[in-house]
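Contents: one structure, followed by commentary.
Chain letters run A, B, ... following the sequence lines, proteins first and then strands; every chain starts at 1.
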Amino acid sequence: MYLIAYIDTEICAATSCKLCTQYCPEANTILYNNDAGKEKGLKYGSAYVAVDRCKGCAQCVWVCDNMAKHNAIKMEMIDQVGDSALTENITYGEKNTTAKLANPIRG
Amino acid sequence: MSLDYVKFTPGFDRWMPKEYRDMVDHGPFGKKTSVSQVGTFKEILEEHPMCAGCAMTLFIRLAMIAFPNPEDTITVGTAGCGRLAISQAAIPFVYGNYGDQNGVASGLTRGLKLRFGDKPKDVVVMAGDGGMADIGFAQTLHSWFRKEKFTTIMLDNEVYGNTGGQESGMTNKGQVLKMAPVGKKFEKMDMLGMAKVSGCAYVATVVPNNPRRVESVIKKAVLVAREVGPTYIQAYTSCNIEYAIPTDKVMEDAKDVENDRYKFSEYLTDDAKQALGELYGYKEYLPKPAKTVTAG
């Protein structure tokens, strides 16, 4: 098993800084869903990770902890994160993306 | 520019890979995208085989988001880590044999000018410090002396990262590396000084720990190259493998290096300022209106 970045939606949707999306070295790996916080009554959307593209460098963790100071991202084992976003289940919209969650190992 | 060449032949779209369909429907072609919108549109750069946490990849990704007209841009590269990512993008990539990248880009720029006239066609060279300052040094400098109208970007990781850690002309004096065990004996080459002397219209240094600044620098360099002459960007893009930087500390290193020896600098000729101000709406470069003196 290996580590991937996991973003806590509740912390992320309370702030909306989007810094991690700008600092990830992988393209279209940390994406943003503008509607993620609405269901939980939070103010903003949230970033999320397409786990099949994440190489586990943890640069986003440093950025979230030290630049944004939100501590919303942790490194987790891929078999421990539960249903996650995968590239094949991500839908692009007008200035927004949404992801249907699926098991990261079995798809 | 017709965007038909990035669209599907009718009836074939459902057989195409998802990434391709997303690129046609939600990519940046024909739209204005910026770093602040990243994460909500399909990027030109695709999955690539670069190391985890590579700052060079982050810079390449930001550069590709920043291209003013991605559908009219061609990248040129050479051997080295960078081309592994640059070639995995939805815009044409031309491989210049080691050291030839600025020569290839010169011919390409002239050919595009003949074929398309005044329609903007941007050529952007992205190569490492070895390809540009050592092996391709002559071609790089000569392309600048000839005032070829394209952008040259050095991905300066201060080492030959792809071949195991030999010193390059851009390595700092005294630096010990795997294949330079006694430390480098000479100073880092002053490519910025040479770029200015040889007539580049826009010269900048940048570190990828400030994405908006990277975006601004790339946009200006490409636009000045389109109108005025050669432009040069020198970007510090650390090699976390050869310099043993933990991947989660790459941005901390970038910040330290920026404060230490890679401070942001920008140099524009008067022609470059005039072009940016008059043609592309950069008001800060327009001459300030003369103050009216009121008789007291």
Side-chain angles (χ1 to χ4, degrees), chain A residues 2-5 7 12 16-36 44-50 52-68 73-75 85-100, chain B residues 17-19 21-28 31 33-62 64-65 85 88-90 208-215 237-238 240 245-255:
Chain A
Y2 58 97
L3 291 164
I4 51 111
I7 302 176
C12 187
S16 178
C17 73
K18 300 185 182 176
L19 276 185
C20 55
T21 62
Q22 299 175 11
Y23 282 87
C24 178
E26 304 298 314
N28 289 122
T29 301
I30 303 186
L31 295 145
Y32 202 82
N33 180 355
N34 291 317
D35 307 323
Y44 302 106
S46 170
Y48 62 96
V49 179
D52 53 334
R53 288 192 169 210
C54 179
K55 288 181 180 168
C57 69
Q59 238 178 70
C60 53
V61 177
W62 190 88
V63 167
C64 195
D65 291 355
N66 294 282
M67 292 177 88
I73 312 180
K74 301 271 179 294
M75 298 309 288
L86 299 169
T87 299
E88 62 184 21
N89 296 332
I90 290 166
T91 311
Y92 290 84
E94 198 61 37
K95 295 183 180 174
N96 195 23
T97 69
T98 48
K100 208 175 102 192
Chain B
K18 181 184 184 304
E19 284 84 355
R21 278 185 274 123
D22 286 340
M23 178 55 65
V24 173
D25 297 332
H26 303 287
K31 298 172 196 161
T33 51
S34 76
V35 167
S36 58
Q37 298 163 340
V38 76
T40 59
F41 63 90
K42 177 73 182 161
E43 292 169 41
I44 301 168
L45 188 64
E46 252 303 326
E47 280 187 294
H48 52 74
M50 303 277 275
C51 303
C54 176
M56 187 185 286
T57 324
L58 173 60
F59 180 84
I60 293 167
R61 175 177 177 236
L62 295 170
M64 292 203 170
I65 293 166
Q88 306 296 320
N209 68 348
N210 188 337
R212 282 169 196 260
R213 184 178 283 164
V214 174
E215 181 181 32
T237 55
S238 63
N240 55 317
I245 307 162
T247 54
D248 61 340
K249 297 280 190 290
V250 166
M251 281 301 112
E252 194 176 334
D253 166 76
K255 197 176 160 192

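- Chain B forms the most heavy-atom pairs under 4.5 Å with one residue out of A/I90, A/V61, A/V63, and that residue is A/I90.
- Residues that satisfy the side-chain hydrogen bond (donor to acceptor under 3.5 Å, both in side chains) test with B/D22, not counting sequence neighbours, are B/K18.
- With a 4.5 Å cut-off on non-hydrogen atoms, A/N96 touches chain B through its backbone but not through its side chain.
- In terms of heavy-atom pairs under 4.5 angstrom with chain A, the leader among B/I44, B/N240, B/N209, B/L62 is B/N209.
- Options B/E46, B/E19, B/H48, B/K255 differ in how many heavy-atom pairs under 4.5 Å they form with chain A, and the most are formed by B/H48.
- Neither the backbone nor the side chain of A/C20 comes within less than 4.5 Å of any heavy atom in chain B.
- How far CG of A/N33 is from OG1 of B/T40: 11.0 Å, rounded to the nearest 0.5 Å.
- Residues B/K42 and B/P28 have side chains not in contact (no heavy-atom distance under 4.5 Å, counting atoms from C-beta outward).
- Judged by the 6.0 Å and 45° rule, A/K18 forms a cation-pi pair with A/Y32.
- Applying the side-chain hydrogen bond (donor to acceptor under 3.5 Å, both in side chains) rule to B/R21 yields no partners; only residues at least two apart in sequence or on another chain are considered.
- Only the backbone of B/P208 comes within contact range of chain A, judged by heavy atoms closer than 4.5 Å.
- The contact between A/M67 and chain B is made entirely by side chain atoms (from C-beta outward), counting heavy-atom distances below 4.5 Å.
- Between chain B and the residues A/C60, A/A58, A/A47, the most heavy-atom pairs under 4.5 angstrom are made by A/A58.
- Among the candidates B/K249, B/Q37, B/M56, B/M50, the residue making the largest number of heavy-atom pairs closer than 4.5 Å to chain A is B/M50.
- Both the backbone and the side chain of A/T87 have a heavy atom closer than 4.5 Å to some heavy atom of chain B.
- Put simply, CG on B/L45 and CG on B/L58 are 10.5 Å apart, with the number rounded to the nearest 0.5 Å.
- The pair B/E47-A/K55 does not count as a salt bridge, with every side-chain nitrogen at least 4.0 angstrom from each carboxylate oxygen.
- Ranked by heavy-atom pairs under 4.5 Å with chain B, the first of A/G56, A/C54, A/G93 is A/G93.
- Once rounded to the nearest 0.5 Å, the distance linking CG of A/D52 with CD of A/E88 reads 7.5 Å.
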